[in-house]
There are 2 protein chains.
Amino acid sequence: MPPGRATDTVSDRLEATPLYRKVGELLATRIDEGFWQAGEMLPNEFVLADQFNVSQGTVRKALGTLESRGIVERRQGRGTFVTTNTDERSFYHFFRLAEPGGERVKPDPHSEKIKRRKATKHEQQQLGTADNTEVFEIVRVRVVGEHRASRETMLIPCDIAPTLQSLKSKLPNSLYPYYQQQFGTMVLRAEEYIAAVTASKIVAAALQIEPGTPVLEVTRTAHDIKDRVVELRVSQFRSDLFNYNVTLR
Amino acid sequence: MPPGRATDTVSDRLEATPLYRKVGELLATRIDEGFWQAGEMLPNEFVLADQFNVSQGTVRKALGTLESRGIVERRQGRGTFVTTNTDERSFYHFFRLAEPGGERVKPDPHSEKIKRRKATKHEQQQLGTADNTEVFEIVRVRVVGEHRASRETMLIPCDIAPTLQSLKSKLPNSLYPYYQQQFGTMVLRAEEYIAAVTASKIVAAALQIEPGTPVLEVTRTAHDIKDRVVELRVSQFRSDLFNYNVTLR
DNA sequence: TATACTATATCTTATATAAGAATATAAGAC
DNA sequence: GTCTTATATTCTTATATAAGATATAGTATA
């Protein structure tokens, strides 16, 4: 079929979107809705091309956009797979702690508390949810070797992670893989605001440092495929032993 | 010409690189060497295809990689242009200051000092240069409205920016566009390490805050097309009024 | 018979090319 | 000046072929 159909009219001229983008959107929506789950293999390019009634190259280009957004991973000769937020991946993308001027570090969980409460007005606004939203609040301390590294306070709407509190065992090391496995929520983007503050008594106790010591305070909103906010997080990082590392391009 | 030639041997099998990547590398090298300058338009896809003896589609894919690396910008119907590091672009990519939880801010220069000196051993190592490297050291303070926002200390090897000190007028608002215009050096990537520290007397004076106040200290290496280090920079940011913002994906 | 190796078939994504459409700009007609 | 046309550019789509990965069947060997 030639790209420009003979039936072009003004009305569909207005909504002229390239085929590959339409296909890409449809695929993204399917994945968001759990049609294909984490780690699952998508049908091959030719099958998808058949389903959408386009050529393999067009499906290919659509899949390329999903790949660059981190939604799928592709391997020549193997197939196209829904990205699994493994611990590794999750840490690599969303946990930026590093040796000063050097390699990134991977901390271990040390302790955690979880409770259910109502979100404040401000939190509701940040989450983009209605009034009276209930959230889980998780406070977790992490260690690197012998040292306390961070104290994180996470806020997750209950309707996103309904069974979170009934979890009997400890929370998994990384939450985003858990969100994905349990609730089909795929964290793809995080927006962070970093400040230097003095450690409060609570933070100092958690990080085993003197109150008043400067620490990094990182405020984050985490977003899914459709850019919905799925988590609020405020973390304090010990900054004398570790740095926050990021690459700008 | 079909992709796999009948003359394939073991030796050229080993160096099997897709055409579009070879073409991309050649184009990147040309731009790095100043064959096409900032803002200049490249020949169109068909002309380049002719020059490299490949099809338009292959050139197109190569240009796509350069575009995603930020080396060129393309506009349908207009052409492909070497990216100009405008002030806007430079600030947007490489200056991450923002209102807490909100919009990015664009500060103005307030004062600056420049001198020439020998790099220390450690600096040489970070720059990846030989012994006895001479550098320019620039110290600059920036303001947002009435408030001091940052104090930056930049280190640039003299051979990268030979005429920097002879500059009569004030330094331009943003340095990277200047590097590109004057020396053909295109900063594409910056690696940053962020720490929370207490303001020293010098920093406190520059930022007009009390000594001991926590400030953000950002240590940066800036890299060009070929990933050479072209600048070292240590910046202190006032953190009570501003935050460091970054998007992770 | 069981096991290890090897070729082969088949499934997958990747690469290269070609043709036409969409977009921007300049030149020409009125 | 304003509209139309021409021209130059990138963008979209389709097609054919290559290349990578994996399972399977066959074969030799112990």
Side-chain angles (χ1 to χ4, degrees), chain A residues 1-10 12-27 36 39-68 71-83, chain B residues 1-10 12-27 36 39-68 71-83:
Chain A
M1 178 181 66
R5 298 131 301 172
T7 56
D8 269 3
T9 66
V10 176
D12 67 13
R13 179 71 193 69
L14 284 173
E15 39 186 302
T17 307
L19 270 179
Y20 76 90
R21 279 219 257 161
K22 291 183 189 167
V23 172
E25 262 319 297
L26 288 170
L27 290 170
W36 296 302
E40 198 170 338
M41 178 176 166
L42 272 60
N44 75 55
E45 295 178 348
F46 291 96
V47 172
L48 288 174
D50 231 46
Q51 283 183 25
F52 292 112
N53 213 19
V54 296
S55 80
Q56 175 248 357
T58 301
V59 168
R60 183 163 171 64
K61 189 153 184 181
L63 288 171
T65 63
L66 298 207
E67 184 182 32
S68 74
I71 299 175
V72 300
E73 288 171 345
R74 335 188 58 200
R75 294 267 292 280
Q76 184 171 1
R78 295 210 42 199
T80 302
F81 305 84
V82 178
T83 302
Chain B
M1 179 178 67
R5 298 130 301 172
T7 57
D8 269 2
T9 66
V10 177
D12 68 12
R13 179 71 193 70
L14 284 174
E15 39 184 302
T17 308
L19 267 180
Y20 76 89
R21 277 219 258 163
K22 291 182 189 169
V23 172
E25 262 318 298
L26 288 170
L27 290 170
W36 295 302
E40 199 171 338
M41 178 177 168
L42 272 60
N44 76 52
E45 295 177 348
F46 290 96
V47 172
L48 289 174
D50 231 46
Q51 283 183 26
F52 292 112
N53 213 18
V54 296
S55 78
Q56 174 253 355
T58 301
V59 167
R60 183 165 170 65
K61 188 153 185 181
L63 288 172
T65 63
L66 297 207
E67 184 180 33
S68 74
I71 299 175
V72 300
E73 287 171 345
R74 337 187 58 201
R75 294 268 293 281
Q76 184 171 357
R78 294 210 43 200
T80 302
F81 304 85
V82 177
T83 303

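A note on names: the letters A, B, ... follow the listed sequences, proteins ahead of strands, and every chain is numbered from 1.
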Does [X] place a side-chain N or O at less than 4.0 Å from the phosphate oxygens OP1/OP2 of [N]?
X	N	answer
A/K61	D/dT13	no
B/R74	D/dC11	yes
A/T80	C/dT12	no

Compare the minimum distances between each of D/dT9, D/dT10, C/dT12 and the side chain of A/M41, then state the nucleotide with the smallest one.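 Looking only at heavy atoms from C-beta outward on A/M41, the closest nucleotide is C/dT12.
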Which comes earlier along DNA chain D counting from the 5' end, the contact point of B/V47 or that of A/F46, where each point is its nearest nucleotide? B/V47
A/G77 vs A/R21, nearer the 5' end of DNA chain D by closest nucleotide: A/R21
Using a 4.0 Å heavy-atom cut-off, does [X] contact any base of the nucleic acid, only the sugar-phosphate backbone, or nothing at all?
X	answer
B/T58	base
A/R75	sugar-phosphate
A/Y20	sugar-phosphate
B/G57	base

Euclidean distance, atom [atom1] of residue [X] to atom [atom2] of [N] [Å, nearest integer]:
X	N	atom1	atom2	value
B/R60	C/dG20	CZ	P	18 Å
B/L48	D/dT10	CG	C1'	12 Å
B/E45	C/dG20	CD	C1'	14 Å
B/N44	C/dT23	CG	P	19 Å
A/Q56	C/dT13	CD	P	8 Å
A/F52	D/dA14	CZ	C1'	18 Å
A/E67	C/dA14	CD	C1'	11 Å
B/E73	D/dT9	CD	P	19 Å

Atom pair NZ/CD of A/K61 and A/Q56 - distance to nearest 0.5 Å: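 One gets 13.5 Å once the value is rounded to the nearest 0.5 Å.
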Look up atom CZ in A/R60 and atom CD in A/E67, then write down how far apart they are to the nearest 0.5 Å. 8.5 Å
Residue pair A/F52 / A/L19, side-chain heavy-atom distance below 4.5 Å: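 Of all side-chain heavy-atom pairs linking A/L19 with A/F52, none is under 4.5 Å.
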Suppose we call a contact any N or O donor and acceptor under 3.5 Å apart; does that hold for the side chain of B/Q76 and the base of C/dA22? yes
Treating B/T83 as the side-chain partner and B/I71 as the backbone partner, does any N or O pair qualify as donor plus acceptor under 3.5 Å? yes
Apply the side-chain contact (heavy atoms from CB on, under 4.5 Å) test between B/N44 and each candidate in B/V47, B/L42, B/L48; give the one that qualifies.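 Considering B/V47, B/L42, B/L48, a side-chain contact (heavy atoms from CB on, under 4.5 Å) with B/N44 is found only for B/V47.
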